[in-house]
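Take a look at the structure below.
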Amino acid sequence: MRNFVLPALLSLLVIVLPHIAAAQTLAGCTATDLTDPPRIAYQCPGGLVIEAEAAAALGIVTAAPDGRPTDVEVSSDAVLIEVEPGSGPFQIRTPHAIAAVRGTEYAVDVEGGKTAVFVTEGEVAVSRTDGSDTVVLGPGFGVDVTPGEPLVVREWGAQRVTNLLNRFGR
């Protein structure tokens, strides 16, 4: 019996600990574990909703006086963001890009040496981390931000959009 219980407990810790660690990174937001696929939904003040893949590494850089995050850093995996129009400024920072919004729904995926940003609703301004090379994305458009390569706005194909949004159960 002991030989079975210890590995089972260790497996449970490997599954649960990333959720606990991620939930602690967004103070002021309520975290809810979602399944199929595994992810965490953060309900934040001001109508901000951030869905993060279970293994995503993220944290608040700055917050508004009401506790709503205004600047969130994502260093791995993907997040899906919903920002209510008029809720104030909000941006995602990655090692490669800054994606700032004005009321929209969009996804940011940090993988390897690049950041991909895709917009499903509204408008998102995307720039390099130093604020240079800004492009504006509308619904159905995305950009890959890779060091040393130009930012090219493209309409994403159905398969790429499906692959990304399926990671959030959509």
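Closest non-hydrogen pair, A55 versus S76, comes out as O-OG, 3.9 Å. In plain terms, the two heavy atoms of G67 and P45 that are nearest each other are C-CG, 4.0 Å. Shortest non-hydrogen contact noted between D77 and V74 is O-CG1, 4.1 Å. Between L164 and A107, the shortest heavy-atom distance links the atoms CD2-CB, 3.6 Å. Between V117 and W156 the shortest heavy-atom distance is O-CZ2, 3.8 Å. Taking all atoms of both residues into account, the shortest heavy-atom contact from P139 to G122 is CD-O, 3.3 Å.
With rounding to the nearest 0.5 angstrom, the CD1 atom of I92 is 7.5 Å from the CG atom of L58. Residue F118 holds its CZ atom at 9.5 Å from CD of E105, rounded to the nearest 0.5 Å. Within the model, atoms CG of L137 and CZ of R154 stand 12.0 Å from one another, a figure rounded to the nearest 0.5 Å. Within the model, atoms OG1 of T146 and NZ of K114 stand 6.0 Å from one another, a figure rounded to the nearest 0.5 Å. The line from CZ of R39 to CD of E51 is 4.5 Å long, rounded to the nearest 0.5 Å. Here the CD1 atom belonging to I81 is positioned 12.5 Å from the OH atom belonging to Y42, to the nearest 0.5 angstrom.
Using a cut-off of 4.0 Å between Lys/Arg side-chain N and Asp/Glu carboxylate O, D109 and R160 are scored as not salt-bridged. Using a cutoff of 4.0 Å between basic side-chain nitrogens and carboxylate oxygens, R170 and E82 are scored as salt-bridged.
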Output, in order, the C-alpha distance, side-chain angles, deciding distance and verdict of side-chain contact (heavy atoms from CB on, under 4.5 Å) for I40 and L34. CA-CA 6 Å; I40 302 169; L34 302 174; over 6 Å; no
Y106 and T120: CA distance, side-chain angles, deciding distance, side-chain contact (heavy atoms from CB on, under 4.5 Å) verdict: CA-CA 5 Å; Y106 66 111; T120 59; 5.7 Å; no
Would you sort out whether R128 and L151 count as a side-chain contact (heavy atoms from CB on, under 4.5 Å), showing the intermediate values? CA-CA 9 Å; R128 297 192 185 282; L151 302 186; 3.9 Å; yes
Could you give me the CA-CA distance, side-chain angles and deciding distance for V119 and F141, then say whether side-chain contact (heavy atoms from CB on, under 4.5 Å) is met? CA-CA 6 Å; V119 176; F141 287 84; 6.0 Å; no
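With hydrogens and angles disregarded, no donor-acceptor distance shorter than 3.5 Å links the side chain of T129 to the backbone of H96. Between the side chain of Q91 and the backbone N or O of A99, no donor-acceptor pair lies under 3.5 Å. Judged purely by atom type and a 3.5 angstrom limit, R167 has no side-chain atom pairing as donor or acceptor with the backbone of N163.
Proximity of S127 to I98: side-chain heavy atoms (C-beta onward) are separated by under 4.5 Å at one or more points. Looking only at side-chain heavy atoms (C-beta outward), V108 and T94 come within less than 4.5 Å of each other. Contact check for S87 versus L48: no side-chain heavy atoms found under the 4.5 Å cut-off. Taking 4.5 Å as the limit, some side-chain heavy atom of E123 sits within range of a side-chain heavy atom of V136.
Linking ILVMFWY residues whenever their side-chain heavy atoms come closer than 4.5 Å, directly or via other members, places V101 and I50 in the same cluster. By the criterion of side-chain heavy atoms lying less than 4.5 angstrom apart, applied directly or through intervening Ile, Leu, Val, Met, Phe, Trp or Tyr residues, V72 is not grouped with V49; the two fall into different hydrophobic clusters. No continuous path of hydrophobic side-chain contacts links V61 to F90 [ILVMFWY only; heavy atoms under 4.5 Å].
Checking D130 against S132 by side-chain atom types alone, a donor-acceptor pair falls below 3.5 Å. The closest side-chain donor-acceptor pair between Q43 and T30, if any, does not fall under 3.5 angstrom.
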